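The structure presented is a predicted model; accordingly, all values stated were derived computationally and were not measured.
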Amino acid sequence: MADVEQNAALPDGSSNASDAVNGTAGRFVSSAEGTALAYGSLLLMALLPIFFGALRSVGCSKTKIFSQEYINLLLSMYFFVLGILALSHTMSPFMYRVFPANLPNKQYQLLFTQGSGESKEEIVNYEFDTKDLICLGISSVVGVWYILKKHWIANNLFGLAFALNGVELLHLNNVSTGCILLGGLFVYDVFWVFGTNVMVTVAKSFEAPIKLVFPQDLLEKGLNASNFAMLGLGDIVIPGIFIALLLRFDVSLKKNTRTYFYTSFLAYIFGLGLTIFVMHTFKHAQPALLYLVPACVGFPVLLALFKGELTEMFRYEESSPEEASLKEEMTESDKDK
């Protein structure tokens with residue numbers, strides 16, 4: 001359906017759709033059940049990093065110099081390292097819950113300094129424990145599996161980790177900025193999908209976990225299925241960081257409700273479902289942001305207008321911890337005066 005940076009939606013049954021993952025070509029007429037399972041799974045996988053990433057964000061020229069083979073190898077190694085780190089970070093909260101209490105959890109520190117004596121300066125000071133090492137070990141196994149097999153499950157584990165970390169860690173500071181960002185990418189997505197074939201070509205050509213994939217022939221071929229439907233990570237992360245912003249706006253209202261978050265989350269489901277419907281009906285690549293941006297922006301804005309909170313929504317602005325601390329100090333200082 002879509003690739004990560006170009007955000008295009010690929011039609012089902014594309015002859016080279018599987019090349020990006022397992023290198024298997026050929027057309028396959030999918031059953032209605034298999035197609036529904038694939039699209040439903042992509043929808044579910046898109047929702048998971050947005051939902052949990054948003055929750056966690058509250059706390060925080062044709063001539064080529066290198067052949068495609070070497071480019072894919074370079075990308076694979078690059079995403080191998082990033083994927084291990086992202087997956088390890090994603091697993092950490094879960095590991096802290098399931099780690100047996102009777103097992104020792106030792107603390108470690110990675111420290112690099114420069115200079116000596118009074119002029120000593122810390123370059124790296126990273127603290128971790130046994131649980132973090134277990135997460136890193138499990139993630140490394142997934143990374144080796146991905147490098148050796150390029151299996152679609154390993155691809156999706158890395159892709160989900162990238163998406164969740166993106167939604168969690170990439171913060172928009174206000175709604176206006178989010179609207180401008182989504183509006184610009186809306187135009188970009190539509191132009192590059194309908195105006196050129198670059199998006200589809202890149203999605204099929206590069207072997208990297210820059211998209212989520214799910215086989216439409218899973219029911220017939222099992223884990224060796226090869227006819228993939230695709231969804232780019234950009235179609236998850238870009239709307240996801242806006243949805244996460246609305247969740248933090250809900251928190252700032254201090255009304256113990258998550259009205260704007262759930263509205264935008266449901267709007268995302270509607271927009272992605274509409275993308276799948278149009279793509280499957282017309283058998284043509286679709287720019288997912290064409291449907292996601294109006295839904296994810298339009299519904300919350302209309303809700304705010306209905307509730308009389310539109311001005312408050314657009315005035316809401318996040319500040320960094322340093323700025324927030326400075327504001328608190330200034331407020332306390334004004335009270336003392």
Worked verdict on His171 versus Leu245 for side-chain contact (heavy atoms from CB on, under 4.5 Å) = CA-CA 7 Å; His171 284 205; Leu245 172 66; over 6 Å; no
query = How are the rings of Tyr108 and Phe128 set relative to one another: parallel (under 30°), tilted (30 to 60°) or perpendicular (over 60°)?
reply = parallel
query = Can you name the closest pair of heavy atoms from Val167 and Ile236 and give their distance?
reply = CG2-O, 4.4 Å
request  = Indicate the atoms forming the closest heavy-atom contact of Asn173 with Thr177, along with that distance.
outcome  = OD1-OG1, 3.4 Å
inquiry  = Given Arg248, which partner from the list Glu317, Glu318, Glu168 fulfils the salt bridge (Lys or Arg N to Asp or Glu O under 4.0 Å) test?
reply    = Glu318
message = Can you give me the closest heavy-atom contact between Cys296 and Ile243, atom names plus distance?
response = SG-CD1, 4.3 Å
task = State whether the side chain of Asn227 and the backbone N or O of Pro215 hold a donor-acceptor pair below 3.5 Å, judged by distance alone.
result = no
message = Is a donor from one side chain sitting under 3.5 angstrom from an acceptor on the other, for Thr257 and Asp250?
response = no
query = Under 6.0 Å between the ring centres of Phe158 and Tyr146?
reply = yes
message = Listing request: all ring pair (Phe, Tyr, Trp, His ring centres under 6.0 Å) pairs with a residue in residues 232-265, at least two apart in sequence or in separate chains.
response = Phe51-Phe261, Phe51-Phe265, Phe249-Tyr260, Phe249-Tyr316, Phe261-Phe265
request  = Determine whether Leu133 and Phe99 fall in the same hydrophobic cluster, where Ile, Leu, Val, Met, Phe, Trp and Tyr are linked whenever their side-chain heavy atoms lie under 4.5 Å apart.
outcome  = no
message = Salt bridge or not between Lys307 and Glu312? Use side-chain N to carboxylate O under 4.0 Å.
response = no
More than 12 heavy atoms from other groups under 6.0 Å of CG on Asn125 = yes
task = Would you name the heavy atoms of Ser139 and Ile84 that are closest together and state the gap between them?
result = CB-O, 3.4 Å
task = Could you pull out the closest heavy-atom pair between Leu290 and Asp189, with the gap in Å?
result = N-OD2, 4.4 Å
inquiry  = Show me the pairs that pass side chain to side chain donor-acceptor pair (under 3.5 Å) and involve residues 291-304, at least two apart or across chains.
reply    = Gln286-Tyr291
query = Can you check whether Glu220's main-chain N or O pairs, donor with acceptor, with Asp217's side chain at less than 3.5 Å?
reply = no
Cluster companions of Phe306 among Ile, Leu, Val, Met, Phe, Trp, Tyr (side-chain spacing under 4.5 Å) = none
message = Looking at every heavy atom in both Ser57 and Ala244, which two are closest together, and how far apart are they?
response = OG-CB, 3.5 Å
ask   = Below 4.5 Å, heavy atoms only, C-beta onward: do Ser76 and Lys150 meet side chain to side chain?
value = yes
